[in-house]
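Right, one structure below, let's go through it.
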Amino acid sequence: MKLVTWNVNSLKVRLPQVLQWLETNPVDVLCIQETKLTDDKFPQAEIEAAGYHVAFTGQKTYNGVAILSRHAITEVQKNNPLFEDEQQRIIAATIEGMRIVCAYVPNGQALDSEKYPYKLSWLAALREWIESEMGKYPELALLGDYNIAPDDRDVHDPAAWEGMNLVSPPERAAFQALLDLGLSDSFRQFEQPEKTFSWWDYRQLGFRLNKGVRIDHVLLSAPLAKRCTSCVVDRVPRKWEQPSDHAPVIATLD
DNA sequence: ATGGCTTCTTATAGAAGA
């Protein structure tokens with residue numbers, strides 16, 4: 001069982017790459033963020049023709065999330081019922097008995113931006129909701145773009161990033177609060193190469209110089225964490241022409 | 001460095017991303 005998260009930075013632009021990637025990576029579940037498409041523009045037919053079920057919720061220009069699955073999708077939930085939000089950042093569904101939650105956490109922009117407290121309250125509400133979902137669904141996976149680098153190991157240059165958005169103590173505390181629910185950062189269950197990241201700036205040769213951060217995560221509840229045999233970042237599509245600035249993160253379960 | 005790149009917009013310069 002392979003569960004994947006990938007921020008595609010516009011599904012309109014990246015659909016050919018997503019389909020190409022799926023051809024060589026026939027995964028069970030792919031959670032996508034930043035589709036940037038209203039539902040009427042979502043490429044449902046193309047995705048279904050590739051052999052995937054799909055659930056999605058989107059808006060114009062920003063945000064937008066989707067779950068693609070080889071298996072049937074039921075109990076679709078759009079957005080956090082505990083958090084009034086015009087922004088389409090969450091979609092959840094039940095697949096093969098697992099509760100799959102696909103999340104695009106707000107970026108926050110900067111610590112002095114009005115988007116930063118929105119990010120923190122959004123994360124607090126996410127924690128509340130995930131806690132209740134875990135009560136209903138022991139097998140839960142929370143996949144997405146968290147816009148949080150949990151640890152200094154997850155940042156190419158921690159000194160340069162100190163005091164910045166994505167690494168601030170309140171953001172890291174919000175990430176830890178999710179782990180404290182009993183979720184496991186599947187990536188850290190295993191020995192990993194140093195300086196493994198999931199996002200690299202388009203500018204300044206960010207990818208070539210590996211100036212990245214690890215902000216895309218697959219969190220697993222205990223029954224799923226026990227079955228997890230690996231979690232890796234696939235850097236391959238980041239090398240393609242006109243790539244997303246994020247790479248897919250793949251968790252494999254027995 | 002108010003930088004650098006990419007995507008989007010009832011576009012054609014500015015916002016947002018991270």
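Here is the naming used below: chain letters follow the sequence lines, and residue numbers restart at 1 for every chain.
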Hits for salt bridge (Lys or Arg N to Asp or Glu O under 4.0 Å) against A:D154, two or more places apart or cross-chain, chain-then-number order -> A:R188, A:R214
Winner on side-chain proximity to A:D145, out of B:dA16, B:dC8, B:dA18, is B:dA18
Base, sugar-phosphate or nothing for A:Y104? Non-hydrogen atoms, less than 4.0 Å. sugar-phosphate
Taking only the side-chain nitrogens and oxygens of A:Q242, find out if one of them lies under 4.0 Å from OP1 or OP2 of B:dC5.
no
Residues of residues 38-46 of chain A with a heavy atom under 4.0 Å from any atom of DNA chain B, listed by number, are none
For A:K60 and A:T38, does a side-chain donor sit closer than 3.5 Å to a side-chain acceptor? no
Query raised in the report: Is the shortest side-chain N/O distance from A:N165 to OP1 or OP2 of B:dA18 below 4.0 Å?
Result: no
Pair A:E171 + A:K119, salt bridge at N-O below 4.0 Å
yes
Review point. Counting distance only, does the side-chain N/O of A:Q88 pair as donor-acceptor with the main-chain N or O of A:E86 below 3.5 Å?
Key: yes
Checklist line | Parallel, tilted or perpendicular: ring planes of A:F83 versus A:Y118, cut at 30 and 60 degrees | finding: tilted
Note to self: With a 4.0 Å limit, can you tell me whether A:S10 has a side-chain N or O closer than that to the phosphate oxygens OP1/OP2 of B:dT6?
What the structure shows: no
In whole angstroms, the gap separating P of B:dC5 from CZ of A:R208 amounts to 12 Å
From CD of A:Q204 across to C1' of B:dA1 the rounded distance in Å is 10 Å
* Any donor-acceptor pair under 3.5 Å from A:S113 side chain to A:Q109 backbone -> no
When rounded to whole Å, the CG to P distance for the pair A:N9 and B:dT7 reads 6 Å
Taken to the nearest whole Å, CZ/A:R238 to P/B:dA18 is 13 Å
Could you tell me whether the phosphate oxygens of B:dA18, OP1 or OP2, come under 4.0 Å of any side-chain nitrogen or oxygen in A:Y116? no
To the nearest angstrom, the OH-C1' distance between A:Y202 and B:dA18 comes to 11 Å
- Remember a base hit wins even if backbone is also touched, and classify A:N7 as base, sugar-phosphate or nothing at under 4.0 Å, heavy atoms. sugar-phosphate
Original post:
If you count the non-hydrogen atoms of other residues, nucleotides and ligands that lie under 6.0 Å from CD in A:E46, is the total more than 12?
Top reply: yes
Item to complete: Output yes when at least one side-chain N/O atom of A:H246 is less than 4.0 Å from OP1 or OP2 of B:dG17, else no.
Response: no
In whole angstroms, the gap separating P of B:dA15 from CD of A:E114 amounts to 12 Å
Exercise. Compare side-chain N and O positions of A:R14 against OP1 and OP2 of B:dT7 and report whether any pair is under 4.0 Å apart.
Key: yes
### Query
Would you say a side-chain N or O of A:N147 is under 4.0 Å from OP1 or OP2 of B:dA18?
yes
Separation of B:dG17 atom C1' from A:Y62 atom OH, nearest Å, is 9 Å
Q: Examine B:dA18: is either OP1 or OP2 under 4.0 Å from a nitrogen or oxygen in the side chain of A:K115? Give yes or no.
A: no
Rounded to whole Å, CZ of A:R203 lies from P of B:dG17 at a distance of 13 Å
Does the side chain of A:T61 get closer than 4.0 angstrom to OP1 or OP2 of B:dT9 through an N or O atom? yes
query: Can you check whether A:K36 has a side-chain N or O nearer than 4.0 Å to OP1 or OP2 of B:dT6?
result: no
Heavy atoms under 4.0 Å, any strand shown: does A:I215 hit a base, just sugar-phosphate, or nothing? sugar-phosphate
Mate of B:dA13 across any strand shown (Watson-Crick or G-U wobble, both atom pairs under 3.5 Å) is B:dT9
A:K60 has its side chain closest, among B:dG4, B:dT9, B:dA16, to B:dT9
- Query: What about the rings of A:W6 and A:W21, do their centers lie closer together than 6.0 Å?
  - Reply: yes
In A:V4, A:T196, A:T5, the residue satisfying side chain to side chain contact (heavy atoms under 4.5 Å, CB included) with A:V249 is A:T5
